[in-house]
2 protein chains.
Amino acid sequence: MGATKSDLFTKQQNDVANMAKALAHPARIAILQYLVKKNACVCGDLVEELGLAQATTSQHLKELKTAGLIQGTIEGASVCYCINPKVWNQYREIFGAFFKEVAELKSCC
Amino acid sequence: MGATKSDLFTKQQNDVANMAKALAHPARIAILQYLVKKNACVCGDLVEELGLAQATTSQHLKELKTAGLIQGTIEGASVCYCINPKVWNQYREIFGAFFKEVAELKSCC
DNA sequence: TTAGCACATCGCAATATTACGATTACTTTC
DNA sequence: GAAAGTAATCGTAATATTGCGATGTGCTAA
């Protein structure tokens, strides 16, 4: 027990849930917002930006990289990160499709 | 250690992360999709729909209720659930705003 | 009243996540 | 080369989540 029973659900449902999981931490939201705001490669100053320990920040960056939302390239001694626009837009589309308009229910609850 | 350090982040960042957390399980995605598809009050048949134990299903429903995404009203012996359109549309707007268009980066990574 | 159903809650076990110090790997600078 | 830097990874502790059986609560039906 304790582990999510992924096999009970469709691939699409697991995909959406995993995408949401990538966003389900304020540090990762903060990283993404920072990268979007800069709209450029950002090298090195993410640890100071967040206020978390270096190891923790690195872990969150790894999760965002695994999710595909960001990409990092080694630039000399440090690493530069930026949004992966392709995956970013996929997220936008998929969440947009999920949250399509819902009609008001009249005679209900 | 182990607890999320919410105080390091803005209210908005914590809000988005908490909204994502509400969606970060395939069972909850499945529940929401089912309710959206029916677009009506659904009484009682959610346990069979999911395939999880009754206690587990109830727990997921509770989380969605806490997030405000669904509402349940007691209808005799059973409980009827439906989407809360107001909160649903708030989610749509907030995720939509978060995933606003990102310009392609030319000379980058 | 009693039996049965629907659902919530409790208590627990298994697993996942979060956080950080310590270490490692690599690069730059001296 | 050695020293200092940047960032990834390891190991571990604290906390959170997931799942389910058991139990409790309230309604319905006989």
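These numbers come from a predicted model, not from an experiment. Note on naming: letters A, B, ... go to the chains in the order of the sequence lines (proteins, then strands), and numbering restarts at 1 for each one.
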Next item on the list: Report yes if at least one side-chain N or O of Tyr81(B) is closer than 4.0 Å to OP1 or OP2 of dA6(C); otherwise report no.
Entry: no
Next item on the list: Assign the ring pair Tyr91(B) / Phe99(A) to parallel, tilted or perpendicular, where the plane angle (0 to 90°) is split at 30° and 60°.
Entry: tilted
Quick one: side-chain hydrogen bond (donor to acceptor under 3.5 Å, both in side chains) partners of [X], sequence neighbours excluded?
| X | result |
| --- | --- |
| Gln12(B) | Gln33(A) |
| Ser6(A) | none |
| Ser78(B) | none |

Next item on the list: Starting at atom NZ of Lys62(B), determine the distance to atom C1' of dA6(C), rounded to an integer number of angstrom.
Entry: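 Value for this atom pair: 17 Å.
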Next item on the list: Apply ring-ring contact (aromatic ring centres under 6.0 Å, His included) to Phe98(B) and list each qualifying residue two or more places apart in sequence or on a separate chain.
Entry: Trp88(A)
Check: Partners of Phe9(B) by ring-ring contact (aromatic ring centres under 6.0 Å, His included), sequence neighbours excluded?
Finding: none
Note to self: Considering every strand and a 4.0 Å limit on heavy-atom distances, what is the contact class for Ser58(B): base, sugar-phosphate, or nothing?
What the structure shows: base
Notebook entry, point to check: So where does chain B start and stop touching DNA chain D, 5' to 3', when the test is distance under 4.0 Å to a non-hydrogen atom?
Noted result: dA14(D) to dT28(D)
Check: Can you give one letter per nucleotide of nucleotides 19-30 of chain C, 5' to 3': B if a protein heavy atom sits under 4.0 Å from the base, S if only from the sugar-phosphate, - if neither?
Finding: BBB-----SS--
Notebook entry, point to check: Where along residues 42-49 of chain A does a heavy atom fall under 4.0 Å from DNA chain C?
Noted result: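 Those residues: none at all.
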Checklist line | Pairs meeting criterion ring pair (Phe, Tyr, Trp, His ring centres under 6.0 Å) with involvement of residues 37-74 of chain B, two or more places apart | finding: His25(B)-His60(B)
Next item on the list: Please collect all salt bridge (charged side-chain N to carboxylate O under 4.0 Å, His left out) contacts where either partner lies in residues 14-28 of chain A, sequence neighbours excluded, each pair once.
Entry: Lys11(A)-Asp15(A), Arg28(A)-Glu63(A)
Margin query: Strictly by salt bridge (charged side-chain N to carboxylate O under 4.0 Å, His left out), give each pair with a member in residues 73-92 of chain A just once, sequence neighbours left out.
Written below: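 Qualifying pairs, neighbours excluded: Arg92(A)-Glu101(B).
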Check: What side chain to side chain donor-acceptor pair (under 3.5 Å) pairs are there with at least one residue in residues 40-56 of chain B, not counting sequence neighbours?
Finding: Tyr34(B)-Asp45(B)
